[in-house]
Each structure stands twice: as structure tokens, then as C-alpha cells.
There are 2 protein chains.
Amino acid sequence: MTERLTPRETHANLDSAQDLAARASVIAAANGLFYARGIHAVGMDELRAASGVPLKRLYRIFPSKDAIVEAVLLDWRRLWSAGIGAAVDAAAEPKDRLLAIYDFLAGWFGSEGFRGCAFVNSFGELGAQSGRVAEIVREQKAGFQEFVFKLAAEAGAPPGLGPQLAILAEGAITTAAISGSVEPARQARAAAEILIGAAVPPLAVKSV
Amino acid sequence: MTERLTPRETHANLDSAQDLAARASVIAAANGLFYARGIHAVGMDELRAASGVPLKRLYRIFPSKDAIVEAVLLDWRRLWSAGIGAAVDAAAEPKDRLLAIYDFLAGWFGSEGFRGCAFVNSFGELGAQSGRVAEIVREQKAGFQEFVFKLAAEAGAPPGLGPQLAILAEGAITTAAISGSVEPARQARAAAEILIGAAVPPLAVKSV
DNA sequence: TGGAGCAGAGAACGAGCGTTCTCTCCAGTT
DNA sequence: AACTGGAGAGAACGCTCGTTCTCTGCTCCA
């Protein structure tokens with residue numbers, strides 16, 4: 001497994017490591033720029049300047065801008081899953097885990113540079129032209145629906161609750177993005193509490 | 001008031017009428033093309049071909065493409081208000097008027113060429129670059145919130161219900177656009193029924 | 001130490017777009 | 001009937017952007 005490498009091979013390996021670092025740098029830069037300003041609005045030269053990766057190397061790592069867009073979408077998916085997963089896992093009770101979604105949203109909406117759902121924005125901008133973008137966005141949204149669905153099931157709710165809570169979250173994101181207010185998160189949370197209460201009668205009622 | 005016009009003035013007036021017709025034709029064409037494919041993706045030449053209005057006249061009527069975008073956004077607002085207004089007015093009972101929103105959405109989601117909310121799409125594509133676009137979209141969404149708020153008030157609901165129902169509608173639109181399904185309208189409707197029921201206890205309860 | 005090859009910087013290229021210009025033709029005036 | 005003003009068609013212009021190419025210089029092997 002651990003073979004001897006000639007100096008040239010070592011050099012080649014170092015190149016790969018550099019490529020990996022450059023790749024990460026490009027994705028990080030593109031992530032921020034695409035989210036803040038949209039995808040067409042950010043040119044390759046700006047990406048080069050922001051990432052510090054020369055154009056030549058950039059095109060060696062990614063065959064085209066489309067490939068960068070795809071990589072960034074996948075990175076957004078990873079970040080979103082990690083963020084909301086951590087927020088939900090910080091709660092123990094099934095109902096609190098559901099409500100943690102909206103608390104997570106409130107924090108996000110209030111954060112610097114919040115500009116709505118990156119997937120929805122990309123879909124609006126490129127979904128009609130790029131099948132790959134539309135596909136990734138669909139997968140992301142289906143994954144979130146599934147995530148909420150499972151949390152709802154763990155709370156003992158009937159299957160109808162999951163989609164309702166997911167729609168509330170989606171609507172809160174869009175509304176917050178356009179209005180620039182954090183309120184939609186609280187409003188969605190209040191609605192979710194009512195829907196959860198209606199779907200999962202509290203045990204306390206039975207014991208009374 | 002009804003002055004005599006020289007033939008040249010008459011001609012000038014006819015020109016104005018032609019401009020009006022051309023304006024309507026351009027907006028109608030742009031409306032369909034922008035919605036289906038996005039705004040950057042549609043060039044002025046395509047707009048000329050689709051509307052039948054020569055480029056020269058087009059630029060006499062609208063100073064720039066941005067002006068066309070703005071006119072189309074205002075047209076979308078008019079169409080949306082008229083559509084949802086008619087749907088709501090077809091119902092008499094306050095609660096039914098609220099629920100009519102989601103039935104209207106179901107019909108829209110199932111219609112040919114549905115691609116989500118034109119305002120949200122435009123906002124995602126241009127909101128970061130064009131302050132005017134962002135402004136119109138914000139106004140449109142604020143207007144819809146107000147519309148739902150008034151309907152909720154007429155149903156005797158506390159002020160919290162309006163935003164919740166608006167968020168549900170918004171979430172349903174986005175979810176339907178990405179998933180391509182009509183289901184979100186039904187799911188949002190079901191959630192709305194529960195929220196309305198919780199906010200406005202039925203009179204029947206009092207009479208029992 | 002001489003040479004080979006690759007990296008980086010940035011110019012160059014080609015396509016697409018918004019906008020303007022030119023040329024031709026026709027309607028209406030004198 | 002000659003002329004003028006404007007309309008239409010489409011070429012042209014200038015700019016941006018994705019992508020590729022060229023040139024310079026450095027680093028690693030013999």
C-alpha cells in the first residue's frame with residue numbers, strides 16, 4: 001500500500017493535494033459570491049480573484065463554470081443538512097425537535113447576508129435552462145421533506161403533518177427573504193405548534 | 001375638448017394608438033417568455049420576434065429592457081390580483097373565502113407551464129442587482145399579506161392568522177414549483193383549515 | 001549546469017446581448 | 001410629381017463573459 005514514490009510522483013501527489021485545496025477554495029468563494037449576487041452575475045475572473053486560484057488551474061479542476069455551479073449546489077446541501085441536523089439534534093423531545101426547525105430558521109433569517117434559499121434562487125435563475133440544477137434542487141427539497149416527515153413520525157404524528165410543516169418552513173424562508181424580516185420564522189413556528197397539537201394530542205389530555 | 005385635428009396630428013394620434021397596441025403586445029410576449037425561461041435568457045431580438053414589434057418602435061416605447069421587465073412585473077401583479085380576487089369573490093362565507101386561496105393555487109399548479117411565483121423567480125434572478133425589481137416584488141408580497149390579513153379579519157380571526165396563512169400559500173407555491181406536483185395546494189389547504197379552526201372557534205360549539 | 005516541462009498571469013478569441021445606426025421604402029404634403 | 005419625414009429590417013457597435021492560448025519564468029531532473 002505505502003509504495004515508494006519517485007520525486008516526480010511525489011510532486012504529482014502534491015499537485016493533487018494542491019488541487020484539492022484549490023478546489024475547496026474555489027467552492028468556498030463561489031458559495032459566497034453566488035449566494036450574495038446570483039450565478040450569472042459572478043464571472044470566472046471574479047471567482048479567480050476571490051479564490052486566489054489561477055484561471056488555468058481552475059479550468060484544470062473544473063471543466064466549466066457549470067461544474068462549479070454543481071459543486072456549489074452540492075456544498076450548499078451539505079451545509080444545510082449539517083446546520084439543521086445539529087439544531088434538531090440539540091433538542092430531545094420529538095415535538096421540540098420539530099419546532100427546532102423554526103428556531104433554526106429564525107437564527108438564519110437574522111444572520112448577515114441572508115438572501116433566501118440558495119436552492120430556490122438557483123432554481124429560479126437556472127432551473128429552466130439547466131436540467132442538472134433542477135435535479136439537484138429537487139433532490140434537496142425532497143430530502144428536506146423526508147427529514148421533516150421522519151421527525152413528525154417520531155413525534156407520533158399522522159403522515160399528513162410532515163408536508164404541512166415542510167411547506168410552512170419553505171414559505172417562511174421565501175417570505176423572510178423578500179420582506180427582510182425575521183418574523184416569518186416566529187409566525188411559522190406558532191402555526192407549527194398548532195398543527196402539531198392538532199395532529200398529536202398531548203398525553204396530558206389523556207391523563208386528565 | 002373635441003378639437004379639430006390636422007391630418008398630421010391625426011396621424012400622430014394613430015401612432016399613439018399603435019404604440020399602445022404595440023406596448024400591450026410586447027408585455028404579453030415578454031410575460032410569457034420571461035416566466036417560462038427567465039429574464040436574462042430572453043433577448044431583445046426574441047422579444048421583437050414574439051411580439052411582432054420592430055426593434056426601433058420597441059425602443060421608442062420602452063427606453064430599455066429594464067423598463068420592459070418593470071412593466072411585466074406590474075402586469076403580473078395585475079393578473080395575480082385579478083385571478084385570486086375572482087376566486088375569493090366566488091365564495092361567500094368568510095372561511096370559504098380564505099380556503100378559496102388554496103383552491104385557486106391548486107388550479108394554478110396544475111396549469112400548463114406553471115413554474116412557480118414569477119415574483120420570487122424574478123427576485124432570485126435580479127433582486128440583488130435591480131433595486132426596482134426588489135421593490136416591486138416586496139410590494140406585491142406585502143399586498144398579498146394585506147389581502148389575506150383582511151380576509152382573516154373578516155372571518156373574525158385574531159391578527160396572527162393572516163401571516164400564517166400567507167406563509168402556507170407561499171410555501172405551497174415554492175414546493176409545487178420545484179416538485180412539479182399539485183399536492184402542496186391540498187396539503188396547505190388542510191393545514192389552513194386546522195389553523196382557521198383553531199383561530200376561529202366554530203359558532204356551532206357555542207350553540208351546543 | 002543545461003534543458004525540459006509545467007505553473008501563473010493575462011491577453012486573445014468567439015459568442016451573445018443590449019442598444020444604436022444605416023439604408024431603403026413608402027405615405028402624406030405642396 | 002417631387003419632396004420630406006418617419007417606419008421597418010437588419011447590420012453594426014461596444015461590452016461582457018466563458019474559455020483558450022501565449023509568453024515568461026521557475027523548478028526539478030540528468
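Since this is a predicted model, take the numbers as computed values, not measurements. Below, read A as the first sequence line, B as the second, and so on, with proteins coming before strands; counting in each chain starts at 1.
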Tell me the interatomic distance from [X], atom [atom1], to [N], atom [atom2], rounded to whole angstroms.
X	N	atom1	atom2	value
A:Tyr59	D:dC17	OH	P	12 Å
A:Asp45	D:dC15	CG	P	17 Å
B:Arg48	D:dA9	CZ	P	8 Å
A:Leu55	C:dA11	CG	C1'	12 Å
A:Glu46	D:dT16	CD	P	13 Å
A:Ile61	C:dA7	CD1	P	11 Å
B:Asp19	D:dG6	CG	P	13 Å
B:Arg37	C:dC17	CZ	C1'	14 Å

Any carboxylate oxygen within less than 4.0 angstrom of a Lys/Arg side-chain nitrogen, looking at [X] and [Y]?
X	Y	result
A:Arg132	A:Glu135	yes
B:Arg37	B:Glu46	yes
A:Arg77	A:Glu139	yes

pair B:Val42-B:Tyr35: side-chain heavy atoms closer than 4.5 Å: no

Sugar-phosphate, base or nothing in reach of A:Val53, heavy atoms under 4.0 Å: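 The residue A:Val53 makes no contact with any strand.
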
DNA chain D: 5'-proximal contact among A:Lys56 and A:Met44 (nearest heavy atom): A:Met44

Selected nucleotide, minimal atom distance to B:Pro54 side chain, candidates D:dT19, C:dT20, D:dG8: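 Looking only at side-chain atoms, B:Pro54 lies closest to D:dG8.
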
side-chain N/O B:Arg60 vs D:dA7 OP1/OP2, d < 4.0 Å: yes

Contact under 4.0 Å: A:Arg57 side-chain N or O vs C:dA7 OP1/OP2: no

Aromatic centroids of B:Phe144 and B:Trp80 separated by under 6.0 Å: yes

Donor-acceptor pair (no angle test) under 3.5 Å: A:Lys65 side chain, D:dG18 base: no

